[in-house]
Amino acid sequence: MMMDYESVIKLALERGFYFPSCEVYADAQAGFWEYGPSGVGLKNKFLELWRRELVRRDAMMEIDGSQIMSESVFEASGHLENFADPIIKCTKCGATFRADRMIAETAGVNIPEGADLAEFDKIISEKGMACPKCKGSFGGAKRFNMMFGVGIGPEGVGAYLRPETCQSIFVDFPRLYKTMRGRLPLGVAQVGKSFRNEIAPRQSLLRLREFYQAEIEVFCNPSRLGDVDRFSEIQDTSIRIQTEADPVLITCGQAVDSGIIPNKFVAYYLGLLAEFYEKTGIDIRKSRFRRLGEKEKAFYADVAFDFEVETSTGWLELVACNYRSDYDLLNHAKKSGEKFEVMDGEEKVLPHVFEISMGIDRSLYTILEHSLRRDEKNDRTVLSLRPYLSPVHVGVLSLVKKDGLKEKTDEVYLQLRKKCDAFLDHSGAIGRRYRRLDEVGAPLAITVDHQTIKDNTVTLRMRDSMEQKRVKISEIDSVVATLIAYP
RNA sequence: GCGGAGUUAGUUUAGCCUGGUAGGACGUCAGCUUCCCAAGCUGAAGGUCGCGGGUUCAAAUCCCGCACUCCGCACCA
């Protein structure tokens, strides 16, 4: 049975996955959440899987950039101008509306959202527009930018918390390419925090003001998008793609042949991404790559596929895959005066960029929801995480404390704890301790009993099947290592 | 930001209408039981009753403001 949002958040709060930030204070703001010990364990293991399946598999570089970036970066990127909504506010009831949408709907006039604010005001007064709720009059149009501004140093020089991690990658590209012996196509990856001043953050990890992204920017020669060495690795990988019609399940190879995906280059990365998510334990049958229409795409995107997964809250966008063309490098080159062109063989090119922008928090939520189940037959709640993602790999338990079992258990624990995430527990009924381990997703439990004293064997209990088998203490290390290994 | 519903221990919830010592269940901890799947028994800890103000001799309870959470609208990874 699949669990709902309420069950997931209850588990998160009770078992240390995540909880609200600053919760002891009344002025705690919405949209900020913290990961507890279990959440950090899951997140770290998830990111290790991401590195294995994408970064290392494709021989990408990984960087770690500043979260605060200077104003010029966002002038060049377009965020100062485009990452802001024109809004109008009713002077009487205080209701706020998107100025461009309101004008399009009531006055039938289309003004681009990036237009000068005076244009909005002009139409509003010409058409005599009033608040649809209370008929009050509108104040002047304003721009609400979703970037958090910060002041640097005593003079408070303007800068911003980055609204997406990738700007570091674009800005760093010339140095990385020169010093790290770059060749196209070159993937540069980054994990880090981004910040967006959402108007209405909601649903814990699903819409945050401060959130984690794992982004990959692949720099490529736009004239060689059909020339992908390792395409054969994923050409038979099946993915679900939705365009205007119903989703279709086809292989990456077929998707390119039929033109659903524009080229092998994009198909290759969608294939890698699908293989990665399959290994997170998310139910891949409930996923789709949805090709975005013109109006849905971000302002910098040429072609965009969102990787979406069905959860109890509806379809949830986990990854945005955007073909950003030369938008970013061209603008940073113009603004900075730096050269961003590189040699690809004999050819001098300004690389294009394909981006795989993953929302980590949303991914972790989805993993939890898809992994959590209620086992009515055995009256237990089980978090069936993939073993390699579990915050606790193995619980080490003494069946009873006396007769030297406690001491023996401590020995086994000491033997294991540097090699994996082991959790020692001596107290309470054995069944209760197994249930507790089930809830944090520990795939294995080792129990020291009376027979252990006689023959140096322990029982190894499997979370999902509840089956037990006896294992020699001398073999525990290798048995556990095999069972919790990354695929 | 708007509209609606909420906020009492780690979780879930009673008490609020009708103001007067905040209570249960689960969980946690300790002990007994020496035991392989939330058993039982004994005991304990754990509460700024979301925050601030007002009314009152007295506020979890009545009034006002704010914050947060959830559901819709709009926006997004």
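The analysis underlying the following values was restricted to heavy atoms, covering all of them including side chains, and did not include hydrogens, waters or symmetry mates. All of these numbers come straight from a predicted model, not from anything done at the bench. Proteins get letters first, then strands, A, B, ... in listed order; numbering begins at 1 in each.
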- Just how far, in rounded Å, is P of B:C76 from CG of A:Leu205? 21 Å
- Task: Can you figure out which of B:U11, B:C36, B:A38 approaches the side chain of A:Tyr434 most closely?
- Result: B:C36
- Task: Consider the side chain of A:Arg362, meaning its heavy atoms from C-beta on, and name the nucleotide among B:C70, B:C36, B:C76 that approaches it most closely.
- Result: B:C76
- Side chain A:Arg432 and base B:C37 donor-acceptor under 3.5 Å: no
- Task: Flag the pair A:Asp421 and A:Lys45 as a salt bridge only when some basic side-chain nitrogen lies within less than 4.0 angstrom of an acidic carboxylate oxygen.
- Result: yes
- Task: Write down the partner of B:C26 under the Watson-Crick or G-U wobble criteria, each distance required to be under 3.5 Å.
- Result: B:G10
- Note on the structure: Checking N1-N3 plus N6-O4 or O6-N4 for Watson-Crick, or N1-O2 and O6-N3 for wobble, each under 3.5 Å, the partner of B:G3 is B:C71
- With both distances kept under 3.5 Å, what pairs with B:G46, Watson-Crick or G-U wobble? none
- Query: With a 4.0 Å cut-off on heavy atoms, is A:Ser427 in touch with a base, just the backbone sugar-phosphate, or nothing at all?
  - Reply: sugar-phosphate
- Task: Assess whether one donor atom and one acceptor atom, taken from the side chain of A:Asp449 and the base of B:C36, lie less than 3.5 Å apart.
- Result: yes
- Is the A:Phe74 ring parallel, tilted or perpendicular to the A:Tyr160 ring (thresholds 30°, 60°)? perpendicular
- Query: Is there a salt bridge (Lys or Arg N to Asp or Glu O under 4.0 Å) between A:Glu275 and A:Arg57 once you walk through the steps?
  - Reply: CA-CA 11 Å; A:Glu275 292 192 358; A:Arg57 176 170 176 181; 2.6 Å; yes
- Start with the C-alpha gap between A:Tyr277 and A:Ser287, add the side-chain angles, then the distance that decides, and say whether side chain to side chain contact (heavy atoms under 4.5 Å, CB included) holds. CA-CA 9 Å; A:Tyr277 269 102; A:Ser287 74; over 6 Å; no
- Task: For A:Glu439, answer base if it contacts any base atom (sugar-phosphate contacts may also be present), sugar-phosphate if it contacts only those atoms, and nothing otherwise; contact means non-hydrogen atoms under 4.0 Å.
- Result: base
- Between A:Tyr212, A:Tyr35, A:Phe276, A:Tyr365, which is the residue that forms a ring pair (Phe, Tyr, Trp, His ring centres under 6.0 Å) with A:Phe46? A:Phe276
- Using a heavy-atom cut-off of under 4.0 Å over every strand shown, decide if A:Glu23 touches base, sugar-phosphate, or nothing. nothing
- Message: Work out how far the C1' atom of B:C70 is from that of B:C32, and round it to whole angstrom.
- Response: 45 Å
- Rounded to the nearest angstrom, tell me the gap between atom NZ in A:Lys10 and atom P in B:C70. 17 Å
- Query: Ignoring hydrogens and angles, does a donor from either the side chain of A:Arg207 or the base of B:C75 sit under 3.5 Å from an acceptor on the other?
  - Reply: yes
- Message: Just verifying a value: how many Å separate A:Ser38 OG and A:Tyr18 OH, rounded to the nearest 0.5 Å?
- Response: 12.0 Å
- Task: Let me know which of A:Glu164, A:Glu215, A:Glu210 forms a salt bridge (Lys or Arg N to Asp or Glu O under 4.0 Å) with A:Lys193.
- Result: A:Glu210
- Side chain of A:Glu198, base of B:C76: donor and acceptor closer than 3.5 Å? no
- Message: Between B:G3 and B:A74, how many Å separate the two C1' atoms, rounded to a whole number?
- Response: 13 Å
- For A:Trp33 and B:C68, give me the distance from atom CH2 to atom C1', rounded to whole Å. 10 Å
- With nearest nucleotides of RNA chain B determined for A:Leu399 and A:Ala30 from heavy-atom distances, which residue corresponds to the more 5′ nucleotide? A:Leu399
- Pairing nucleotide - B:G31, Watson-Crick or G-U, each distance under 3.5 Å: B:C41
- Task: Measure from the side chain of A:Ala320, starting at C-beta and using heavy atoms only, and say which of B:C36, B:A77, B:A38 lies closest.
- Result: B:A77
- Query: Is any side-chain N or O of A:Gln203 closer than 4.0 Å to OP1 or OP2 of B:U69?
  - Reply: no
- Message: Using atom P in both nucleotides, what's the gap between B:C49 and B:A39 to the nearest angstrom?
- Response: 33 Å
- Query: What does B:C36 pair with, Watson-Crick or G-U, if both distances are under 3.5 Å?
  - Reply: none
- Message: Can you check the distance between B:U61 and B:U48, where both ends of the measurement are the P atom (answer in whole Å)?
- Response: 16 Å
- When you compare B:G27 with B:U21, how far apart are their C1' atoms, in angstrom units rounded to a whole number? 26 Å
- Query: If we take the C1' atom in both B:U13 and B:G53, what is their distance in whole Å?
  - Reply: 29 Å
- Message: So, under a plain 3.5 Å distance rule, would you say the side chain of A:Arg435 forms a donor-acceptor pair with the base of B:C37?
- Response: yes
- Go through A:Asp375 and A:Lys377 one step at a time and tell me if the salt bridge (Lys or Arg N to Asp or Glu O under 4.0 Å) criterion holds. CA-CA 6 Å; A:Asp375 177 1; A:Lys377 187 171 154 235; over 6 Å; no
- Message: Which is more 5' along RNA chain B, the nucleotide nearest A:Thr381 or the one nearest A:Ser204? Just name the residue.
- Response: A:Thr381
- Task: Tell me what A:Leu397 touches on the nucleic acid: a base, only sugar-phosphate, or nothing, going by heavy atoms under 4.0 Å.
- Result: nothing
- Task: Report the distance from atom CG of A:Asp425 to atom C1' of B:U28, rounded to the nearest whole Å.
- Result: 12 Å
- Task: Hunt down the Watson-Crick or G-U wobble partner of B:C76, both distances under 3.5 Å, from any strand shown, or write none.
- Result: none
- Query: For the side chain of A:Phe211, counting heavy atoms from C-beta on, which of B:A77, B:C70, B:U12 is nearest?
  - Reply: B:A77
- Find the distance A:Leu273:CG to B:A77:P and express it as a whole number of Å. 15 Å
- Query: When rounded to the nearest Å, what value does the distance between P atoms of B:A58 and B:C2 take?
  - Reply: 35 Å
- Message: Without decimals, in angstroms, what is the distance between A:Lys377 NZ and B:C37 C1'?
- Response: 12 Å
- Task: Take A:Leu208 and A:Trp33, measure what side chain to side chain contact (heavy atoms under 4.5 Å, CB included) needs, and give me the verdict at the end.
- Result: CA-CA 8 Å; A:Leu208 294 160; A:Trp33 289 69; 3.4 Å; yes
- Rounded to whole angstrom, note down the C1' distance from B:G20 over to B:G65. 27 Å
- Task: Whole angstrom is fine here: how far is it from CD1 in A:Ile446 over to P in B:C36?
- Result: 19 Å
- Paired nucleotide for B:C57 [Watson-Crick or G-U wobble; both distances under 3.5 Å]: B:G20
- Note on the structure: Among B:C68, B:A30, B:C36, the one nearest any side-chain atom of A:Gln29 is B:C68
- Item | A:Lys401 vs B:G31: side-chain N/O to OP1/OP2 distance below 4.0 Å | yes
- Task: Pick base, sugar-phosphate or nothing for A:Ser363, based on heavy-atom distances below 4.0 Å to the nucleic acid.
- Result: nothing
- Query: A:Ser357 near the nucleic acid: base, sugar-phosphate alone, or nothing, with a heavy-atom cut-off under 4.0 Å?
  - Reply: nothing
- Message: Check this for me: does the side-chain of A:Arg436 come within 3.5 Å of the base of B:C37 through a donor and an acceptor?
- Response: no
- Message: Rounding to an integer number of Å, can you tell me how far A:Asp438 CG sits from B:C36 P?
- Response: 18 Å
- Message: Is there, by distance only and without an angle test, a donor paired with an acceptor across the side chain of A:Tyr5 and the base of B:C70 below 3.5 Å?
- Response: no
